[in-house]
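First up is the structure itself, then whatever we jot down about it.
Nothing here was measured: the structure is a model prediction, and the numbers come from that model. Side-chain atoms are counted along with the backbone in the values below, which use heavy atoms only and exclude waters and symmetry mates.
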Amino acid sequence: MAKLVSRIYAEALLETAAETGKGQEMLEEIETVSEILEQNPEFDTLMKHPGIPKQEKAAVVERVFRGRVCDEITGFLKLVVEKERYSQLPAIFRHFTDQMKKLQKIGVAYVTTAFELTKTQKEQVEKRLLETTGYVKLELYYDIDPLLIGGMVIRIDDRVVDSSVRTKLDHLTKQLLNIQLG
């Protein structure tokens with residue numbers, strides 16, 4: 001239920017972004033607001049406190065964000081507080097951000113390798129992924145896992161491409177065990 005509610009709020013925010021033509025601005029401001037909220041847990045505590053009336057919380061949101069972010073974001077934050085959905089704000093923002101990136105054809109890829117890639121290798125990975133995915137831009141996050149032995153594992157959305165030596169050895173081991181047992 002919470003996931004559905006956060007998706008509905010995010011979709012409403014997306015519609016506002018489309019109607020006003022402020023999609024990119026709203027995306028950047030939402031990322032900024034998210035960072036501010038993460039860095040200020042006391043604000044989060046205040047907004048979730050059951051003893052503070054929602055009207056007072058909405059007034060705090062108004063004072064904190066009016067003039068610092070666009071009116072649409074301020075109004076949205078007030079609405080979320082007034083509807084007592086503040087605790088779902090991270091999920092709403094995540095869904096909004098994911099959908100905006102899809103609309104802008106920006107992909108997010110997680111690349112795991114056995115060792116640190118050079119700048120040239122990273123550029124080659126990005127170039128190849130752009131050629132094969134249909135995205136116009138990628139946000140790449142790299143991780144190192146020495147247990148892979150070699151090769152790499154790439155995850156984009158719900159797709160995983162695993163060309164690691166470890167996985168190839170695991171498959172080979174299974175095949176050899178099947179031959180011996182058969």
Quick one: do Q104 and L27 satisfy side-chain contact (heavy atoms from CB on, under 4.5 Å)? Show the steps, please.
CA-CA 11 Å; Q104 296 174 340; L27 178 62; 3.8 Å; yes
Working for side-chain contact (heavy atoms from CB on, under 4.5 Å), residues F43 and I36
CA-CA 9 Å; F43 185 83; I36 290 168; over 6 Å; no
Student check: side-chain heavy atoms of L46 and V60 closer than 4.5 Å:
yes
With sequence neighbours left out, the residues meeting ring-ring contact (aromatic ring centres under 6.0 Å, His included) with Y142 are none
I need the D98 CG to F93 CZ distance, nearest 0.5 Å.
13.5 Å
Separation between NE2 (H95) and CD (Q99), nearest 0.5 Å, reads 4.0 Å
Ignoring hydrogens and angles, tell me if any N or O in the side chain of N40 forms a donor-acceptor pair with the backbone of E42 under 3.5 Å.
no
Taking all heavy atoms of V136 and all of L130, pick out the closest pair and write down the distance.
C-CD2, 3.8 Å
Contact check, side chains of Y135 and V108, non-hydrogen atoms, under 4.5 Å:
no
Does F115 have any ring-ring contact (aromatic ring centres under 6.0 Å, His included) partners at least two apart in sequence or in another chain, and if so, which?
none
Does the salt bridge (charged side-chain N to carboxylate O under 4.0 Å, His left out) test come out yes or no for E84 and K48, once each step is laid out?
CA-CA 9 Å; E84 298 180 347; K48 291 179 180 175; over 6 Å; no
Heavy atoms, side chains only, cut-off 4.5 Å: are R128 and T132 in contact?
yes
What is the distance from atom OG of S6 to atom CZ of R94, rounded to the nearest 0.5 Å?
8.0 Å
Given E123 and K127, is the salt bridge (charged side-chain N to carboxylate O under 4.0 Å, His left out) satisfied, shown in steps?
CA-CA 6 Å; E123 289 169 356; K127 181 178 182 231; over 6 Å; no
Nearest 0.5 angstrom please: D71 CG to T16 OG1, how far?
12.0 Å
State, yes or no, whether a side-chain contact exists between D143 and V111 at a heavy-atom distance under 4.5 Å.
no
Do K168 and H171 make a side-chain contact, defined as non-hydrogen atoms from C-beta onward lying under 4.5 Å apart?
no
Please check if any side-chain donor atom of D162 sits under 3.5 Å from a side-chain acceptor atom of T167, or the reverse.
yes
Does L37 reach the side chain of Y86, with side-chain heavy atoms less than 4.5 Å apart?
yes
So, for I156 and L129, which heavy atoms are closest and what is the spacing to 0.1 Å?
CD1-CD2, 3.9 Å
Pairs involving residues 22-40, ordered by first then second residue, that meet salt bridge (Lys or Arg N to Asp or Glu O under 4.0 Å) (sequence neighbours left out):
K22-E72
From CA spacing to verdict: side-chain contact (heavy atoms from CB on, under 4.5 Å), V153, V161:
CA-CA 6 Å; V153 178; V161 177; over 6 Å; no
For a 4.5 angstrom cut-off between non-hydrogen side-chain atoms, does V69 reach V33?
yes
Test salt bridge (Lys or Arg N to Asp or Glu O under 4.0 Å) applied to E62 and K57, R68, K78, the passing residue
K78
Inter-residue atom distance T45.OG1 - I52.CD1, 0.5 Å rounding:
9.5 Å
Nearest heavy-atom contact between A114 and I144 is O-CG2, 3.5 Å
When you look at Y9 and F76, which way does the side-chain contact (heavy atoms from CB on, under 4.5 Å) test go after all the steps?
CA-CA 9 Å; Y9 276 83; F76 181 78; 4.0 Å; yes
Under a 3.5 Å distance rule, please check whether S164 uses its side chain to pair with a backbone N or O of G151 as donor and acceptor.
no
First locate atom CZ of R66, then atom OG1 of T74, and finally report the distance between them rounded to the nearest 0.5 Å.
5.0 Å
